[in-house]
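Okay, so here's the structure we're looking at.
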Amino acid sequence: MTLKIGIVGTGWFAGKHADILAKTDGVEIAGVVGSSKNKGEVFGIRYDAPGYESVFQMADSQKLDGVYICVPPMAHGEIERELIERGIPFLVEKPLGTDAELPQDILGFIRLKSPELITSVGYHFRYQDNVARLQEVLQPGRIGMATGQWMGDMPQAKWWRRQEQSGGQFIEQTTHIVDLLRYCAGEVEEVHAVYASRFPEEEWERTNVHDIGTVTLKMKSGAVANISNTCVLPPGVGKAGLSFYTREGLWEWTPSELKEVGVDGERVLAEKSDPYVRQTEAFLHALRTGDVSGIRSDYEDACKTQEVTFTALQSALSGRSIKL
């Protein structure tokens, strides 16, 4: 059975997913939707796929088994609703939007129109071997605290630097760290955030996102976490990770490795898997069999991460702690 997969978007993530799909047996890239038909056609040349200017047009022209949605945060909404209306499964890149209201509306539409619809969200770190290891060894009730960070430079995409288009760094980028915290340590109960703009237009004009921030989170387990981010660093300088402090020892995760430190010493586990490939394998398996057990983040679960990140923005703007 050949799966016909459509792609919405022509940016880096669209290319990443398309390259994996193109190398996968039994998969055909059936079309590409761009911000214009020409952009879709140009992107699709590599994959011998036609270009379209809308999801409606692509879905009308053929039967689609699934669609990858790879668009900026402000572009979500109508794309998902059109696919849900037609009962077409989708894998959507994070974040789900610039706020929490739109994703909740879309989730409600799924429940109304197609409760069994297969969905997957691009929190690809969940598919790493080292994250599976964290889930195996960590017990939320034994975690004292966690600290995380996403420290880097200002992305060059113009939409990323506009609050109303990206949602800001914590929603658009640091969401990965928040999602891993939830995945490994349980749900968040309360959020208190402090954001600031230190150098908003020193290098990039028309920038209104906060460029530094720190967020304290109280977990339902009783543990406390802190996640900080910045985009003030020079290009190529930065770090991202999440550390857990427990009665049994210290676990320090980064995208490339996991360090375990205990009374018997320490060991470092290099990450050897490609989580993007595993994410696609799980999604395609679900399309073929209906078995969604391999999908580690569906739309409903991702809405919980989105709620935490948007609540952090509300806390920073209001100057008060907010309970979820």
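As the structure is a prediction and not an experimental result, all values here were calculated from the model. Throughout, numbering of the chain's residues begins at 1 and tracks the sequence.
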Any sub-3.5 Å donor-acceptor pair from [X]'s side-chain atoms to [Y]'s backbone N or O?
| X | Y | result |
| --- | --- | --- |
| T24 | V27 | no |
| S54 | Q57 | yes |
| S114 | I110 | no |
| D211 | R198 | yes |
| H76 | P95 | yes |
| R247 | R142 | no |
| E80 | G77 | yes |

Rounded to the nearest 0.5 Å, what separates atom [atom1] in [X] from atom [atom2] in [Y]?
| X | Y | atom1 | atom2 | value |
| --- | --- | --- | --- | --- |
| R133 | E271 | CZ | CD | 13.0 Å |
| L102 | L107 | CG | CG | 11.0 Å |
| E260 | L269 | CD | CG | 5.0 Å |
| S166 | R161 | OG | CZ | 10.5 Å |
| H124 | Q279 | NE2 | CD | 7.5 Å |
| R111 | Y299 | CZ | OH | 11.0 Å |

Are [X] and [Y] close enough for a salt bridge, meaning some N to O gap below 4.0 Å?
| X | Y | answer |
| --- | --- | --- |
| D129 | K272 | no |
| E85 | K113 | yes |
| K39 | E53 | no |
| D301 | R182 | yes |
| K304 | E307 | no |
| E189 | K218 | yes |
| E281 | R278 | no |

Item to check | Residue of the set V8, I5, L91, I7 for which side-chain contact (heavy atoms from CB on, under 4.5 Å) holds with V67 | outcome: V8
Ignoring hydrogens, what is the shortest heavy-atom contact between [X] and [Y]? Give both atom names and the distance.
| X | Y | result |
| --- | --- | --- |
| A30 | A49 | C-CB, 4.5 Å |
| S243 | E252 | OG-CG, 3.5 Å |
| A18 | I29 | O-CD1, 3.5 Å |
| I177 | G148 | CG2-CA, 4.1 Å |

Next on the checklist: Show, in sequence, the C-alpha distance, side-chain angles and deciding distance for Q149 and S228, and conclude whether the side chain to side chain donor-acceptor pair (under 3.5 Å) test is met.
Outcome noted: CA-CA 5 Å; Q149 64 280 319; S228 298; over 6 Å; no
Checklist entry - Would W150 and Q169 satisfy side chain to side chain donor-acceptor pair (under 3.5 Å), going step by step from the backbone distance to the final call? => result CA-CA 9 Å; W150 195 292; Q169 185 178 13; over 6 Å; no
Can a donor-acceptor pair be found between the side chains of [X] and [Y] at a distance below 3.5 Å?
| X | Y | result |
| --- | --- | --- |
| T214 | N226 | yes |
| Y127 | S273 | no |
| N38 | S36 | no |

Does the side chain of [X] reach to within under 4.5 Å of the side chain of [Y], using non-hydrogen atoms?
| X | Y | value |
| --- | --- | --- |
| V191 | V215 | yes |
| T10 | V32 | yes |
| V92 | V71 | no |
| L313 | Q163 | yes |
| R320 | S315 | no |
| W159 | R162 | no |
| C231 | D153 | no |
| E41 | K37 | yes |

Checklist entry - Should L181 and M219 be marked as a side chain to side chain contact (heavy atoms under 4.5 Å, CB included) after you check the CA-CA gap, both sets of side-chain angles, and the distance that decides it? => result CA-CA 10 Å; L181 177 69; M219 314 300 291; 3.9 Å; yes
Item to check | Derivation of the side chain to side chain contact (heavy atoms under 4.5 Å, CB included) call for Q62 and K4 | outcome: CA-CA 9 Å; Q62 61 196 303; K4 299 187 73 172; 3.3 Å; yes
Answer yes or no: does atom [atom1] of [X] have more than 12 heavy-atom neighbours from other residues, nucleotides or ligands under 6.0 Å?
| X | atom1 | value |
| --- | --- | --- |
| E136 | CD | yes |
| E101 | CD | no |
| D60 | CG | yes |

Should [X] and [Y] be counted in the same cluster of Ile, Leu, Val, Met, Phe, Trp and Tyr side chains packed under 4.5 Å apart?
| X | Y | result |
| --- | --- | --- |
| F244 | V263 | no |
| I143 | V178 | yes |
| I88 | L96 | yes |
| F125 | I295 | no |
| W253 | Y183 | yes |

Checklist entry - Taking it one step at a time, do L134 and L258 satisfy side chain to side chain contact (heavy atoms under 4.5 Å, CB included)? => result CA-CA 9 Å; L134 281 173; L258 175 65; 3.9 Å; yes
Checklist entry - Yes or no on side chain to side chain contact (heavy atoms under 4.5 Å, CB included) for T216 and I227, after CA distance, side-chain angles and deciding distance? => result CA-CA 7 Å; T216 299; I227 299 175; over 6 Å; no
Item to check | For E28, all residues meeting salt bridge (charged side-chain N to carboxylate O under 4.0 Å, His left out), sequence neighbours excluded | outcome: none
Checklist entry - Cation over ring, R46 on F43, under 6.0 Å and within 45°? => result yes
Item to check | Stacked cation flag R86 on F56, 6.0 angstrom / 45 deg | outcome: yes
Checklist outcome for this item: Test ring-ring contact (aromatic ring centres under 6.0 Å, His included), reference Y68, set F13, F283, Y276, output is F283
Next on the checklist: Pair T305, Y123 - check side chain to side chain donor-acceptor pair (under 3.5 Å), show working.
Outcome noted: CA-CA 10 Å; T305 296; Y123 287 110; 4.8 Å; no
Next on the checklist: Walk me through whether D99 and Q306 qualify under side chain to side chain donor-acceptor pair (under 3.5 Å).
Outcome noted: CA-CA 7 Å; D99 58 24; Q306 185 79 14; 5.7 Å; no
